[in-house]
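One structure below.
Each ligand, and each atom within it, is numbered from 1 in the order the structure gives.
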Amino acid sequence: MNQLIEYLPKKAFERLQVNQNAILIDVRCEAENKFVGRPIECIFIPWLDDPDWKPNEGKFIAAIKRFVGNKNNGLEREIILICRSGYRSNDAGKCLIENGFTNVAHVVSGFEGGLDENDQRGNLNGWRHNGMPWLQC
Ligand SMILES: O=S(=O)([O-])[S-]
């Protein structure tokens with residue numbers, strides 16, 4: 001079985017430049033995507049969200065397949081997942097691989113990065129901290 005690939009933000013961004021067919025999927029909830037900010041040109045498909053906050057694997061896979069297509073070449077498309085700090089994207093990535101996707105990576109430090117000694121994110125690592133392009137509304 002394929003393995004989930006781990007990228008630091010810079011490497012993930014490089015992959016998106018090199019492979020124009022690769023897609024970056026933000027798996028955070030809608031509020032994070034809207035109000036915290038998001039990487040440019042990402043697709044938003046939450047792994048879990050309001051109101052139940054439980055992963056719905058069937059719904060998640062179906063949403064991804066709507067973007068990449070149901071055929072074999074869709075399953076082979078390069079997919080990079082990002083969440084807040086790498087836990088949800090890890091779970092979502094494993095789910096994709098278990099469902100036949102063959103080229104799946106996730107951003108290990110996520111969009112906001114890990115908690116620092118003051119229990120704050122954004123100071124250690126992550127997409128935003130590492131200077132990758134992002135937007136906020
Ligand atoms: O998005 S998360 O890794 O902080 S659960």
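Within the structure, the ring-ring contact (aromatic ring centres under 6.0 Å, His included) test picks out the following pairs touching residues 24-64 (sequence neighbours left out): W47-F60. Among residue pairs with one or both ends in residues 82-92, those qualifying as salt bridge (Lys or Arg N to Asp or Glu O under 4.0 Å) are E32-R88; sequence neighbours excluded.
Side-chain contact check for E76 and N103: no donor-acceptor pair (N or O, by modelled atom type) lies under 3.5 Å.
The side chain to side chain contact (heavy atoms under 4.5 Å, CB included) check on D119 picks up L115, with sequence neighbours excluded.
Protein residues with any heavy atom under 4.0 Å from ligand 1: C83, R84, S85, G86, Y87, R88.
Using a 4.0 Å cut-off between charged side-chain N and carboxylate O, R28 and D26 make a salt bridge.
Counting heavy-atom neighbours within 6.0 Å of Q17 CD, excluding the residue itself, gives a total above 12.
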